[in-house]
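Below, read A as the first sequence line, B as the second, and so on, with proteins coming before strands; counting in each chain starts at 1. A quick note: this is a predicted structure, and the numbers were derived from the prediction, not measured.
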Amino acid sequence: MQTITYREALNQALDEEMERDDTVFLMGEEVAEYDGAYKVSKGLLEKFGDRRVVDSPIAELGFAGLGVGAAMGGLRPVIEFMTFNFSILALDQVINSAAKTFYMTGGQIPVPMVFRGPTGAALQLSAQHSQACETWYVHAPGIKLVTPGTPADAKGLLKAAIRDNDPVAFMEGELLYNVKGEVPDVDDGDFVIPLGKADVKREGSDVSIITHGKMVHVALQAAKKLEKDGVDAEVLDLRSLRPLDVEAILATVHKTNRVVYLEEGWPYAGIGAQIAATIQEEAFDYLDAPILRVTQADVPMPYAKNLEQMAKPDADRVVRACNRVLYRNGSAD
Amino acid sequence: MTDTSTMSREAGKGDESMAGLEGFEKDQLKGFLKEMLLYRRFEEKAEEAYAIGKIGGFCHLHIGQEAVALGFIGPLRQDDYVITAYRDHTQALAKGVDPNGVMAELYGRDSGSARGKGGSMHIFDVEKGFMGGHGIVGAQVPLAAGLGFAIKYREEDRVCVCFMGDAAVNQGAFHEALNMAAIWKLPVLFVVENNEYGMGTAFSRVSALPVKERAAGLGVPAHHVNAQDILATWTLVEELLEKIRAGEGPQYVDARTYRFKGHSMSDPVSGTYRSKDEVESKVKQEDPISLLRDRLFDAEFLTEDELEEMDREVRAVVDEAAEFAEEAPFPAREELYNHVYSEVNEHGRLFFDGRDREGED
């Protein structure tokens with residue numbers, strides 16, 4: 001095992017996949033000469049040259065569309081959005097071109113590509129730079145969506161996403177890039193995590209906190225707090241939102257009978273709404289309490305530090321939600 | 001597409017009647033006429049089928065613009081790419097897509113070129129390099145840049161021709177894509193089918209500069225051509241393809257044409273946005289097929305009998321396509337979920353409508 005940052009894990013995944021397959025190239029703003037806005041692509045220009053590591057103009061719609069066209073032409077583009085916030089400009093190409101082309105062509109033209117970059121909030125970046133964009137992507141059939149929360153997941157899932165034959169949105173987190181974790185050594189062979197497999201990040205028996213992406217860390221903090229209070233919480237990290245590991249969701253519901261969904265985005269038609277619908281359709285009789293969701297406040301992200309803190313989901317809010325589904329008054333209240 | 005086997009320039013022709021025909025062979029010219037006649041008859045058949053409910057949805061006819069399809073696609077090689085917007089039937093035919101497959105697609109049948117899943121606006125045939133058929137104005141322009149990028153990346157000797165309507169040049173996607181094509185010298189020929197109207201809005205009412213000038217600020221060499229004149233168009237395109245194949249990067253053409261029918265089958269031919277007189281005068285004076293026919297008559301390259309025979313032949317192709325479409329099966333039930341994803345992962349669920357768990361409905 002090596003202990004590396006989430007950023008380094010992504011870098012290794014890109015490096016290894018570009019080494020393995022000449023049709024893989026990286027394009028986006030600042031990915032080449034600047035080494036990436038978040039340094040994820042550090043050193044790749046030097047190693048692979050400007051044919052395969054390409055600085056784009058600031059034109060999200062244009063270079064996202066170019067990526068789709070290149071995939072239609074047989075390449076495997078990795079399109080980096082400096083953040084998914086800026087990808088809203090590109091959504092026409094994502095939804096109308098990337099997601100639909102295989103279907104509209106009657107199966108003639110697959111679109112094997114990855115859209116990647118950070119999603120969600122960092123610190124005091126305010127309304128236009130702090131959005132969780134998962135729902136916009138996962139809503140459209142034809143797209144796959146992956147949200148790794150740890151360095152190992154980042155590496156293994158990015159490699160799988162690049163190899164997948166469909167368009168995959170790969171959502172990272174600005175606040176995750178410096179997070180360290182154990183990742184299998186490069187010499188130990190090809191480390192790939194298949195899409196569609198959730199991961200139990202903490203075993204527990206009293207309540208299930210289901211989540212994805214960087215909220216995994218908030219869920220684990222909450223579980224630690226609950227543990228002090230005698231509550232044994234399970235943390236299920238979905239990792240892929242489409243394909244979705246429904247089996248793992250049902251297994252944790254069967255085990256604890258109580259669910260809190262934690263996500264960074266807004267509640268309305270959010271990821272938790274879908275998960276709650278799936279659980280009530282398929283495990284209604286196993287529920288001992290309504291499913292609660294902990295989300296961002298239903299407002300644009302404010303700038304002021306105190307307001308931002310109030311708007312973001314945090315461990316205390318998760319603890320309170322867990323206590324509510326357990327019908328108990330926890331010490332965090 | 002055209003038979004160029006014999007060179008037969010008849011002696012004794014007056015210089016005037018030959019004007020503009022130089023450089024083309026007689027049989028090639030007759031081939032052009034027959035090809036455009038096929039497009040015309042195909043669209044007329046589609047119009048007929050739409051009127052009796054055989055074709056649904058939106059159906060945009062290319063009648064009046066046939067020389068654009070032939071002029072820009074005819075000079076291509078089989079492995080060159082063509083990508084276009086939703087007025088795509090004749091461009092597909094020009095690229096060699098089977099008329100039966102195109103008609104069956106319009107009819108929404110499983111034998112259609114996109115298995116009945118695309119329809120009129122989304123004709124695709126990857127074997128023929130026909131990359132669609134795109135429904136959002138201007139959205140195919142970045143895709144064309146991407147196809148060009150892939151060609152260059154793999155050092156292939158191919159070109160991508162990208163059609164768009166005049167209205168597309170006001171979309172951001174157009175500007176973003178042309179800029180990238182220019183900086184990376186991508187092998188793309190951008191063609192604006194300038195029929196003067198974006199649906200019912202005259203281009204000049206919503207654009208400060210004419211079509212030809214819109215590429216100048218992006219560093220893509222711009223040209224214009226009377227695209228009702230197949231020969232002028234063909235000649236220009238051959239010249240531009242040579243430049244592109246030589247690695248000079250993208251080119252841009254303002255191809256001036258005119259739509260003889262409404263924007264789609266749901267729209268009137270004329271009305272508040274353009275007068276009946278305007279349309280009638282264009283149809284009378286600028287029909288690309290009549291223009292070529294008359295030149296061939298004048299040069300005595302064509303007789304009335306030959307023209308009639310030609311028309312009989314293309315009508316037979318179109319009738320057969322309609323019959324084929326009529327008899328082709330509708331897509332099977334399981335096709336609903338087929339081709340949403342090209343890779344169904346071993347783990348996890350991809351569809352969330354619950355139908356996989358409710359059995360036959």
Side-chain angles (χ1 to χ4, degrees), chain A residues 22-23 25 27 51-52 54 56-57 59-75 77 89 92-93 96-97 99-112 141-142 144 160 164-166 194-198 240 242-247 274 277-278 281-282, chain B residues 81 83 105 110 112-119 122 124-127 131-136 139-154 160 172-173 175-177 179-181 183-184 186 331 335 338-352 354 357:
Chain A
D22 183 66
T23 66
F25 70 96
M27 177 181 283
R51 170 174 169 264
R52 301 186 64 199
V54 187
S56 73
E60 283 82 6
L61 176 66
F63 69 75
L66 184 146
V68 179
M72 292 170 73
L75 302 183
L89 280 160
D92 176 57
Q93 289 294 348
N96 275 316
S97 300
K100 296 176 185 169
T101 293
F102 192 63
Y103 198 74
M104 291 198 310
T105 61
Q108 291 180 72
I109 306 178
V111 181
K144 293 172 180 173
D164 200 272
N165 281 323
D166 290 307
L195 305 191
K197 276 196 92 163
S240 290
R242 196 169 189 149
L244 180 71
D245 192 345
V246 177
E247 271 178 44
Q274 175 60 47
T278 300
E281 282 168 17
E282 299 178 45
Chain B
Y81 291 121
I83 188 165
E105 190 59 35
D110 192 52
S113 51
R115 309 283 307 271
K117 287 179 176 168
H122 308 298
F124 286 89
D125 189 336
V126 70
E127 294 298 316
M131 306 304 275
H134 298 267
I136 307 298
Q140 76 278 18
V141 189
L143 300 178
L147 289 163
F149 186 90
I151 292 169
K152 194 161 183 193
Y153 190 92
R154 294 200 286 213
C160 177
H175 295 267
E176 297 184 20
N179 179 51
M180 291 187 292
I183 55 179
W184 295 322
L186 304 179
E335 281 302 313
N338 207 3
H339 305 135
V340 180
Y341 292 96
S342 81
E343 182 173 346
V344 175
N345 304 86
E346 199 184 331
H347 306 278
R349 185 180 293 172
L350 285 168
F351 302 100
F352 293 86
R357 294 181 305 287

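For a residue to count as touching a neighbouring chain, one of its non-hydrogen atoms must lie under 4.5 Å from one of that chain's; by this rule Val54(A) touches chain B with the side chain only. Looking at His175(B), neither its backbone nor its side chain comes within 4.5 Å of chain A, counting heavy atoms on both sides. Interface remark: Glu105(B) contributes no atoms to any contact with chain A (heavy atom separation under 4.5 Å). In this structure, the portions of Met131(B) lying under 4.5 Å from any heavy atom of chain A include both its backbone and its side chain. Within the 4.5 angstrom heavy-atom criterion, no atom of Ile151(B) approaches chain A. Both the backbone and the side chain of Asp125(B) come within less than 4.5 Å of a heavy atom in chain A. Looking at Glu60(A), only its backbone comes within 4.5 Å of chain B, counting heavy atoms on both sides. Of the atoms belonging to Leu61(A), heavy atoms from both backbone and side chain fall under 4.5 Å from chain B. For chain B, no part of Ser240(A) is nearby; none of its heavy atoms comes within less than 4.5 Å. Both the backbone and the side chain of Leu350(B) come within contact range of chain A, with heavy atoms under 4.5 Å apart. Both the backbone and the side chain of Pro141(A) come within less than 4.5 Å of a heavy atom of chain B.
Taking the six-membered ring for Trp, Phe25(A) and Tyr153(B) have ring centres closer than 6.0 Å.
His134(B) NE2 to Lys100(A) NZ: the interatomic distance, rounded to the nearest 0.5 Å, is 13.0 Å. The line from CZ of Arg242(A) to CZ of Phe351(B) is 7.5 Å long, rounded to the nearest 0.5 Å.
Panel note: side chain Asp166(A), backbone Ser342(B); a donor-acceptor pair is recorded below 3.5 Å. In this structure, Arg349(B) contributes its side chain and Pro243(A) its backbone to no donor-acceptor pair below 3.5 Å. The closest donor-acceptor contact from the side chain of Glu247(A) to the backbone of Gly348(B) lies at 3.5 Å or more, if one exists at all.
When the candidates Gly135(B), Ala139(B), Gly118(B) are compared by the number of heavy-atom contacts under 4.5 Å with chain A, Ala139(B) comes out ahead. For the set Thr278(A), Thr23(A), Asp92(A), the entry with the most heavy-atom pairs within less than 4.5 Å of chain B is Asp92(A).
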Residues Tyr103(A), Arg115(B); criterion side-chain hydrogen bond (donor to acceptor under 3.5 Å, both in side chains); working and verdict: CA-CA 9 Å; Tyr103(A) 198 74; Arg115(B) 309 283 307 271; over 6 Å; no
Take Leu195(A) and Glu346(B) through the side chain to side chain contact (heavy atoms under 4.5 Å, CB included) test and state the conclusion after the steps. CA-CA 8 Å; Leu195(A) 305 191; Glu346(B) 199 184 331; over 6 Å; no
As a quick check of understanding, evaluate side-chain hydrogen bond (donor to acceptor under 3.5 Å, both in side chains) for Asp164(A) and Asn345(B), giving each step before the final call. CA-CA 9 Å; Asp164(A) 200 272; Asn345(B) 304 86; 2.9 Å; yes
What's the verdict on side chain to side chain contact (heavy atoms under 4.5 Å, CB included) for Phe102(A) and Val340(B), showing C-alpha distance, side-chain angles and the deciding distance? CA-CA 6 Å; Phe102(A) 192 63; Val340(B) 180; over 6 Å; no
Step-by-step side chain to side chain contact (heavy atoms under 4.5 Å, CB included) determination, Tyr341(B) to Asn165(A): CA-CA 8 Å; Tyr341(B) 292 96; Asn165(A) 281 323; over 6 Å; no
Passes side chain to side chain contact (heavy atoms under 4.5 Å, CB included), Lys117(B) versus Met104(A)? Steps please. CA-CA 5 Å; Lys117(B) 287 179 176 168; Met104(A) 291 198 310; over 6 Å; no
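Taking all atoms of both residues into account, the shortest heavy-atom contact from Pro142(B) to Gly62(A) is CB-O, 3.7 Å.
Residues Ile183(B) and Pro57(A) form a side-chain contact, since some pair of their non-hydrogen atoms from C-beta on lies under 4.5 Å apart. No side-chain heavy atom of Leu143(B) sits under 4.5 Å from any side-chain heavy atom of Leu66(A). Between Glu176(B) and Phe63(A), every side-chain heavy-atom pair lies at or beyond the 4.5 Å cut-off.
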